[in-house]
Amino acid sequence: MKVDIENKIDKIIALNSDGTVLSKADAFTIFSLLTLVLEKDNYTRSDIEQITVENFTNGTRDGGIDAAYLDSETQVLAIMQTKYSKGIGVNEAVEEIKKIITTLQRFQELDTVDYSKDMRKKLRELLDSVSDTDEIQYKIIFVTRSKFDQDKVLRLIKHDLQKSELEIEVEFVDEKNLEEKLVQLKNRVDRVQECSINIEKANQYVEYRSEEMRGAFTNVWASSVYRMYEKYSENGLFNLNVRKYIARKSIDDGIIRTVRNDSKDFWFLNNGLTIGAGDYNFDGNVLKLYDFSIVNGAQTTSLIGKNFNKDHDFLIPVKIIAPDEYTKFGPEDLEDFFTQIAESTNSQKPISPRDLKANAREMRTLRNWLKDDYNVDFRVKQGVKVDNKAKYIIWNDQFAKIMQSFVYQRPGSARSNAKALFENKDIYKSIFISNGFELSPDKKQFVYDLVALNDMYDRITTSDQYSKSEKSFLKQAKMSMFAIFGLIYRYKNKLVGTSEIRKIKQDNGENLQMKGFISEYKDDDLDANLQNIINDYFVELQESYNELYENDEVSSISNYFKLDSTYKRKSMIMAEKNFRKIETRPNILPEYCIFKF
């Protein structure tokens with residue numbers, strides 16, 4: 001190992017201040033995290049302290065995970081497994097990676113009692129900080145000083161990766177890769193000093209000025225961005241971009257598809273780049289940039305740089321911001337200017353996926369027939385006056401959540417990943433398009449009854465008969481309750497037998513017969529019967545949560561309800577047990593009749 005790396009390890013050992021002496025192996029783990037994930041060449045005592053407190057997990061019963069770091073922007077959880085000693089071969093690498101896959105799967109299933117308390121606490125805190133747990137991607141980074149057949153390892157773990165049903169990527173880093181990364185970090189410059197790129201047409205740009213700043217909008221050819229990436233990607237091109245992200249495959253794939261297959265539409269489908277520059281000028285069809293860096297759009301630039309097809313050039317929208325040429329900035333003032341631009345361009349509130357669908361045809365159709373046929377105010381857009389005379393009022397995202405729970409049996413993702421209900425094309429289509437509600441009176445009535453059920457649940461669970469803590473629990477349990485209601489609906493209408501409950505797992509809903517159910521109920525004690533069902537499962541869900549909490553398998557009520565796996569492991573079994581009671585004693589739980597059409 002080169003002296004440079006050894007010096008870094010010794011420095012980490014010297015900087016450690018937690019009262020213990022770090023071993024070379026543990027310091028190597030911290031060094032790997034600092035170098036590969038945080039991309040730091042110089043570090044302080046506080047850097048080491050933060051990592052040991054939040055990210056370092058190595059020890060007995062660590063499940064193969066030496067350190068973990070969450071990129072909150074892309075929701076990629078980097079899992080580090082490091083080997084300081086030499087002599088690691090294919091078999092040991094396979095064994096370690098398989099162990100990590102098992103650990104991640106068990107955490108997903110809340111089966112964590114076999115792991116150390118420190119490791120459980122740190123990994124759980126990282127997972128709990130993710131709002132969309134079911135969308136998280138894991139990146140296992142296997143760092144070693146040894147050389148072995150990496151392709152063979154990937155072949156041998158392929159089955160385990162597929163079996164886990166988690167989104168896991170594996171990356172290998174050897175001693176040479178570490179040395180190259182160190183050289184890159186040492187030689188990194190602050191900004192690119194000068195570069196020329198081609199715009200669409202001569203002098204085709206829009207410029208605006210204030211007292212201290214000036215800027216321009218223009219269209220730049222992708223071929224120029226490609227050449228700029230090749231030349232400067234490791235030399236200051238991204239150093240003003242405040243987002244240090246770990247590439248996420250599901251996001252990257254969308255941009256890559258556009259670059260490769262729909263490049264003519266790239267200008268419409270991508271936000272483009274924002275460049276902070278010390279100065280710039282236009283000369284015909286050339287934009288000249290000086291002392292610059294990309295402050296927003298590093299991901300787009302990187303993917304163009306890696307996937308551009310020279311036979312299919314295309315245009316990219318670009319915004320350039322610079323201090324006015326008459327503003328006399330000193331070096332420190334210029335640094336403050338760049339910091340301001342980088343922070344402001346990366347912190348503006350984005351348009352939510354829900355709002356982007358507000359004017360979609362299916363939204364307008366659903367809104368119109370719910371209003372015309374049932375006097376329901378189906379809300380799709382902010383700023384539109386609420387119809388206070390409507391029988392029920394419901395937002396489109398709330399409707400999507402109860403559909404995802406009741407029909408598709410995914411209450412965890414409905415609760416914790418609401419944006420995917422509108423952002424993911426397949427999920428959005430399954431909820432709002434494929435069912436063809438407007439073509440079927442039965443399906444229309446089913447939708448109306450779901451809306452009514454939503455109103456009833458909220459009215460019952462916010463009443464004064466529940467304490468403040470009980471109301472909070474029931475609010476967080478709502479999607480799981482609706483998934484259970486969906487099981488009762490299937491059971492009472494003989495769409496599924498008791499023995500088939502656990503086989504439902506995540507139902508695609510294609511074969512679910514949709515008919516009105518509440519509207520068909522003849523008795524006048526509808527609220528009382530629904531409340532009895534809620535109370536029955538409320539008690540069971542509380543008991544299940546308390547059990548997992550005491551075993552350190554969940555850290556909060558929110559965490560308990562955010563996973564579909566918890567629902568499959570716990571709530572489905574509760575429903576199955578109650579259905580079996582009905583089969584042996586048909587007079588119990590008569591309340592279930594409110595779900596029979």
Side-chain angles (χ1 to χ4, degrees), residues 1-18 22-58 62 64-74 76-86 88 93 96-97 100 122 126 137-148 150 169-190 232-248 298-299 302:
M1 182 177 289
K2 297 291 186 183
V3 175
D4 234 7
I5 297 178
E6 286 291 352
N7 289 341
K8 297 289 187 185
I9 291 173
D10 290 339
K11 181 179 180 180
I12 290 169
I13 293 172
L15 288 172
N16 182 48
S17 59
D18 67 355
L22 281 176
S23 67
K24 288 266 190 181
D26 288 345
F28 180 64
T29 298
I30 296 172
F31 161 74
S32 299
L33 181 61
L34 284 163
T35 305
L36 300 170
V37 178
L38 300 180
E39 295 189 338
K40 288 193 173 188
D41 180 48
N42 295 308
Y43 16 90
T44 64
R45 191 178 302 276
S46 62
D47 291 328
I48 309 306
E49 181 180 356
Q50 184 174 357
I51 288 175
T52 54
V53 170
E54 298 178 5
N55 310 104
F56 185 75
T57 57
N58 187 36
D62 63 10
I65 299 176
D66 293 337
Y69 176 84
L70 178 70
D71 184 318
S72 58
E73 180 66 29
T74 59
V76 175
L77 184 62
I79 301 295
M80 308 288 296
Q81 165 59 232
T82 63
K83 296 294 183 184
Y84 179 69
S85 59
K86 290 190 174 182
I88 305 301
E96 291 290 349
I97 295 172
I100 294 172
K122 289 176 180 175
L126 290 173
Q137 176 180 321
Y138 302 91
K139 184 169 187 176
I140 299 173
I141 305 174
F142 193 88
V143 188
T144 174
R145 297 173 62 191
S146 305
K147 290 276 189 182
F148 52 81
Q150 297 176 5
E169 179 186 350
V170 179
E171 177 184 342
F172 298 101
V173 178
D174 59 27
E175 192 170 52
K176 182 181 178 182
N177 301 141
L178 279 172
E179 291 165 358
E180 290 172 347
K181 187 68 176 180
L182 275 181
V183 171
Q184 173 196 324
L185 293 177
K186 273 189 173 183
N187 296 333
R188 186 166 59 181
V189 296
D190 289 338
Y232 300 112
S233 61
E234 304 294 344
N235 293 287
L237 186 60
F238 304 123
N239 280 12
L240 291 181
N241 193 294
V242 300
R243 294 178 178 173
K244 294 284 187 183
Y245 77 94
I246 305 169
R248 177 171 183 138
Q299 183 182 26
S302 298

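Just so you know, these numbers use all the heavy atoms, side chains as well, and skip hydrogens, waters and symmetry mates. Quick caveat, the model's predicted, so the values are computed rather than measured.
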Might you work through the side-chain contact (heavy atoms from CB on, under 4.5 Å) test for Leu38 and Asp47, ending with a clear yes or no?
CA-CA 10 Å; Leu38 300 180; Asp47 291 328; over 6 Å; no
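- Between atom CG of residue Asp10 and atom CD1 of residue Ile5 there is a gap of 12.0 Å, rounded to the nearest 0.5 Å.
- Under the 4.5 Å side-chain criterion, counting only non-hydrogen atoms from C-beta, Ile9 is in contact with Lys24.
- No side-chain heavy atom of Tyr69 sits under 4.5 Å from any side-chain heavy atom of Leu77.
- Side-chain contact between Ile30 and Leu34: present, with at least one pair of heavy atoms (C-beta onward) separated by less than 4.5 Å.
- The closest side-chain heavy-atom distance from Met80 to Phe142 is not below 4.5 Å.
- Looking at heavy atoms from C-beta onward, Leu15 lies out of side-chain contact with Glu49 at the 4.5 angstrom threshold.
- The CG atom of Asn55 sits 6.5 Å away from atom CG of Leu126, with the distance rounded to the nearest 0.5 Å.
- Residues Ser23 and Asp26 approach most closely at OG-N, 3.1 Å, considering heavy atoms.
- For Lys176, the side chain to side chain contact (heavy atoms under 4.5 Å, CB included) test picks out Asp174, Glu180, with sequence neighbours left out.
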Could you go step by step and tell me if Asp41 and Lys8 meet the side-chain contact (heavy atoms from CB on, under 4.5 Å) rule?
CA-CA 9 Å; Asp41 180 48; Lys8 297 289 187 185; 3.0 Å; yes
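- Side-chain atoms of Arg145 come within 3.5 Å of backbone N or O of Tyr84 as a donor-acceptor pair.
- Between the Asp71 side chain and the Val76 main chain, no donor and acceptor come within less than 3.5 Å of each other.
- The pair Glu39-Lys181 meets the salt-bridge criterion, since a charged nitrogen lies less than 4.0 angstrom from a carboxylate oxygen.
- When all heavy atoms are compared, the tightest approach of Ile88 to Ala93 is CG2-N, 4.4 Å.
- Closest of all the heavy-atom pairs between Ser85 and Ser146 is O-OG, 4.2 Å.
- Between Thr82 and Thr144, every side-chain heavy-atom pair lies at or beyond the 4.5 Å cut-off.
- Every residue was checked against the side chain to side chain contact (heavy atoms under 4.5 Å, CB included) condition with Ala14, not counting sequence neighbours, and none meets it.
- Across all their heavy atoms, Val143 and Ser32 have their closest contact at CG1-OG, 3.6 Å.
- One distance of note links CG of Asp66 with OG1 of Thr29; it measures 4.5 Å at 0.5 Å rounding.
- Under the 6.0 Å distance and 45° angle rule, Lys11 does not count as a cation-pi partner of Phe31.
- The ring-ring contact (aromatic ring centres under 6.0 Å, His included) check on Phe172 picks up Phe148, with sequence neighbours excluded.
- Here the CD atom belonging to Gln299 is positioned 10.5 Å from the CZ atom belonging to Phe238, to the nearest 0.5 angstrom.
- Take Lys122 and apply the salt bridge (Lys or Arg N to Asp or Glu O under 4.0 Å) test, not counting sequence neighbours, and it matches Asp118.
- At least one side-chain heavy atom of Glu175 sits under 4.5 Å from a side-chain heavy atom of Lys86.
- Applying the salt bridge (Lys or Arg N to Asp or Glu O under 4.0 Å) rule to Glu171 yields the partners Lys139; only residues at least two apart in sequence or on another chain are considered.
- Under the rule for a salt bridge (Lys or Arg N to Asp or Glu O under 4.0 Å), Asp62 has no partner lying at least two apart in sequence or in another chain.
- To the nearest 0.5 Å, atom CD1 of residue Ile140 and atom CD1 of residue Ile65 are 8.0 Å apart.
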I'd like to know whether Ile79 forms a side-chain contact (heavy atoms from CB on, under 4.5 Å) with Ile141, so could you lay out the CA-CA distance, the side-chain angles of the two residues, the decisive distance to 0.1 Å, and finally the verdict.
CA-CA 6 Å; Ile79 301 295; Ile141 305 174; over 6 Å; no
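- Here the straight-line distance linking atom CG of Leu33 with atom NZ of Lys40 works out to 10.0 Å at 0.5 Å rounding.
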